[in-house]
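Below is one structure; the comments refer to it alone.
Keep in mind the model is a prediction, meaning the values are calculated, not measured. The sequence lines fix the lettering, A, B, ..., with proteins before strands; numbering per chain opens at 1.
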Protein chains: 2
Amino acid sequence: MAGLGEAVEKMVQTRRPLADQTAVHDRVYEAIRQALITGRIAPGKGVSLRSLAAELGVSPMPVRDAVRRLVAERALAINPANKRLSVPSLTADRLEQLSLARLWVEPELAARAAANADASLVRQLRAIDADVDEALRLGDVDRYMTANHAFHFAIYERAGADVLLSMAGGLWLQVGPFMRVVFGRVGADGLVADRHAEAIEALETRDPEGARRAVAADLSEGMDKMRVAVDAAS
Amino acid sequence: MAGLGEAVEKMVQTRRPLADQTAVHDRVYEAIRQALITGRIAPGKGVSLRSLAAELGVSPMPVRDAVRRLVAERALAINPANKRLSVPSLTADRLEQLSLARLWVEPELAARAAANADASLVRQLRAIDADVDEALRLGDVDRYMTANHAFHFAIYERAGADVLLSMAGGLWLQVGPFMRVVFGRVGADGLVADRHAEAIEALETRDPEGARRAVAADLSEGMDKMRVAVDAAS
DNA sequence: AGCCTTGCATTGTGATCGCAATTGAGCCCC
DNA sequence: GGGGCTCAATTGCGATCACAATGCAAGGCT
């Protein structure tokens with residue numbers, strides 16, 4: 001949570017005098033979203049609107065908006081009795097459902113993206129993948145998570161399927177907190193097997209089924225690691 | 001939109017003196033959600049927060065909350081330039097993606113529900129299905145949509161898979177507006193083939209694959225009808 | 001007569017205030 | 001010394017206010 005405040009504060013205070021365009025609640029949302037995807041917020045931890053707002057230097061209102069959006073996306077949970085919000089806890093059951101859903105949506109997106117792939121996308125993906133590898137080499141968890149997310153969604157966005165894309169986005173948001181668990185248990189070098197190269201190749205040759213297989217394999221391995229981590233934690 | 005106001009107003013004004021429990025924004029959300037599911041709000045139509053709030057007799061604030069939630073669920077769209085919100089327009093592309101997603105999630109939920117089914121569920125489903133049939137017989141569109149929704153989600157809730165359930169809920173919300181198009185084109189008697197009996201039977205015998213097939217068939221037929229309606233409209 | 005411009009009404013956004021409910025800690029009593 | 005209780009602080013929710021931007025429309029200019 002410490003890192004969150006600083007990150008958002010920087011984003012929030014980036015206030016252009018005119019033509020700001022991005023609303024405050026959007027910046028807040030994006031910041032919390034990033035914090036969740038990269039797993040910087042521990043599950044089970046309770047947060048309050050006002051404290052968050054104070055930490056961010058804004059009024060509680062835009063925080064409310066951002067939080068409500070995240071709750072709708074199930075990235076945050078709200079206790080019906082308390083009305084106090086927290087990060088959803090990590091259960092094996094939840095992970096199983098999320099795995100299943102991701103294994104359906106994301107390969108589908110990859111397959112569609114393969115049909116629309118071009119050289120510039122491949123170039124972009126290679127660059128991101130290099131960043132992923134370097135993050136892995138350095139053991140930089142945050143950087144790895146950010147880069148990995150960027151890699152996958154650079155592909156998915158190319159599918160031109162906004163409904164499925166938003167589903168994938170929502171799923172990542174929910175899976176995010178689990179990821180930190182993996183690193184906490186098996187360490188950063190647990191994710192060495194790199195299916196990214198496979199995926200890039202499939203996209204380069206415009207092979208939908210290859211892309212589907214590569215992404216499915218990538219996801220499977222990652223989710224399996226999370227599974228054992230969660231099982232070990234229980 | 002006219003019907004919406006009355007419906008919500010009634011819900012909103014149901015204010016118990018103490019221990020109200022359900023927040024205003026929740027009631028507003030549920031009302032708009034119902035209006036969308038049953039297709040009472042026409043796509044492409046723009047709505048404003050203040051007018052909605054005035055129509056509902058509440059301050060714009062809870063409406064903002066409800067709307068933001070619906071936007072997160074993609075049940076409402078917001079113009080990035082205008083920042084003015086409207087119901088997402090019906091495109092063949094969107095429908096195709098929604099169909100695909102529904103055909104994956106909902107049969108899966110039905111299959112899981114079959115494993116947990118019991119006599120009370122079957123009894124409940126028969127009652128709802130009777131309501132569905134009567135609504136069809138009377139040509140009562142709103143009632144049919146409400147009952148049909150109730151039927152499906154009575155099943156899905158039994159799956160005990162909240163992640164998948166919320167996905168199904170979100171998808172249904174997005175498909176809702178399309179439904180009215182079907183009735184506008186083919187009329188209420190377009191949906192006579194009733195797979196519900198099949199589904200009930202599969203649940204009664206605790207046959208997951210049977211339930212999966214029945215629901216998949218039900219969905220397929222419905223989505224096909226929407227497809228031709230949308231194609232005809234374009 | 002047609003187009004542009006100016007003015008007003010309306011929009012979404014954010015801040016501040018008030019309210020009721022819950023929490024948490026300190027205190028008193030047993 | 002431990003447990004129950006009370007009171008203050010904090011919480012989320014909703015309303016109202018203020019503001020900048022946008023949309024719309026009437027009026028003036030060419």
Side-chain angles (χ1 to χ4, degrees), chain A residues 1 5 8-9 11-32 41 44-72 75-88, chain B residues 1 5 8-9 11-32 41 44-72 75-88:
Chain A
M1 276 287 300
V8 188
E9 209 158 350
M11 299 181 65
V12 168
Q13 288 174 354
T14 314
R15 163 156 276 189
R16 291 71 138 202
L18 223 127
D20 190 311
Q21 301 310 4
T22 59
V24 177
H25 69 87
D26 272 324
R27 290 198 293 277
V28 174
Y29 168 81
E30 206 56 48
I32 304 182
I41 303 186
K45 191 84 173 275
V47 289
S48 90
L49 252 58
R50 274 176 163 94
S51 65
L52 218 56
E55 189 178 359
L56 272 52
V58 298
S59 98
M61 190 63 58
V63 181
R64 246 174 82 175
D65 289 348
V67 161
R68 211 170 279 288
R69 196 167 151 192
L70 289 162
V71 168
L76 286 178
I78 177 168
N79 188 329
N82 289 17
K83 284 152 184 271
R84 198 159 260 137
L85 54 88
S86 63
V87 182
Chain B
M1 274 286 300
V8 189
E9 209 158 347
M11 298 183 65
V12 168
Q13 288 174 353
T14 313
R15 162 155 277 191
R16 291 71 142 199
L18 223 128
D20 190 314
Q21 302 308 5
T22 59
V24 177
H25 70 87
D26 272 324
R27 291 198 294 276
V28 173
Y29 167 81
E30 206 56 47
I32 304 182
I41 303 186
K45 190 84 172 275
V47 288
S48 90
L49 253 57
R50 273 174 162 95
S51 65
L52 219 56
E55 189 178 1
L56 272 52
V58 299
S59 97
M61 190 61 59
V63 181
R64 246 174 82 175
D65 289 347
V67 160
R68 213 171 279 288
R69 197 166 150 195
L70 289 162
V71 168
L76 287 177
I78 177 168
N79 188 328
N82 289 18
K83 284 151 183 274
R84 199 161 257 136
L85 55 88
S86 61
V87 183

Arg68(A) side, atom CZ; His25(B) side, atom NE2 - distance, nearest 0.5 Å: 4.0 Å
Walk me through whether Leu52(B) and Ile32(B) qualify under side chain to side chain contact (heavy atoms under 4.5 Å, CB included). CA-CA 10 Å; Leu52(B) 219 56; Ile32(B) 304 182; 3.9 Å; yes
Side chain to side chain contact (heavy atoms under 4.5 Å, CB included), that's the test. Do Leu85(B) and Leu49(B) meet it? Break it down for me. CA-CA 9 Å; Leu85(B) 55 88; Leu49(B) 253 57; 3.5 Å; yes
Of the options dG14(C), dA15(D), dT11(C), whose atoms approach the side-chain atoms of Ser59(A) most closely? dG14(C)
Separation of dG12(C) P from Asp26(A) CG (nearest whole Å): 15 Å
Write down the distance between CG (Leu49(B)) and C1' (dG14(D)), rounded to a whole number of angstrom. 14 Å
Classify the side chain of Arg68(B) and the base of dG12(C) as holding, or not holding, a donor-acceptor pair under 3.5 Å. no
Please tell me which of Pro60(A) and Ala81(A) maps to the more 5' nucleotide of DNA chain C, matching each residue to the nucleotide holding its nearest heavy atom. Pro60(A)
Is any N or O donor-acceptor pair between the side chain of Arg50(B) and the base of dG12(C) shorter than 3.5 Å? yes
Inter-end axis angle, the helix from dA1(C)-dT30(D) to dC30(C)-dG1(D), with every axis fitted to five base pairs (rounded, 10 degrees): 10°
Among dT13(C), dG12(D), dA15(C), which nucleotide has an atom closest to any side-chain atom of Met61(B)? dA15(C)
Among residues at least two apart in sequence or on other chains, which ones pass side chain to side chain donor-acceptor pair (under 3.5 Å) with Ser86(A)? none
Among dG14(C), dG14(D), dT16(C), find the nucleotide with the atom closest to the side chain of Arg64(B). dG14(C)
Sub-4.5 Å side-chain heavy-atom contact between Tyr29(B) and Asp65(B): no
Distance check needed: dG14(C) P versus Asp65(A) CG, whole Å only. 7 Å
Any heavy-atom pair between the side chains of Asp26(B) and Arg69(B) that's under 4.5 Å? yes
For the side chain of Asn82(B), starting at C-beta, report the closest nucleotide among dG14(D), dG23(D), dA18(D). dG23(D)
Would you mind reporting whether Met61(B) and Met61(A) have side-chain heavy atoms less than 4.5 Å apart? yes
Regarding the side chain of Arg84(B), the nearest nucleotide among dT11(C), dT11(D), dG14(D) is dT11(C)
Nearest to the Lys83(B) side chain among dG14(D), dT13(C), dT16(C), which nucleotide is it? dT13(C)
Mind calculating the distance between CG (Leu85(B)) and P (dG23(D)) to the nearest angstrom? 14 Å
With respect to the side chain of Ile78(B), which nucleotide from dG12(D), dT13(C), dT23(C) is positioned closest? dT13(C)
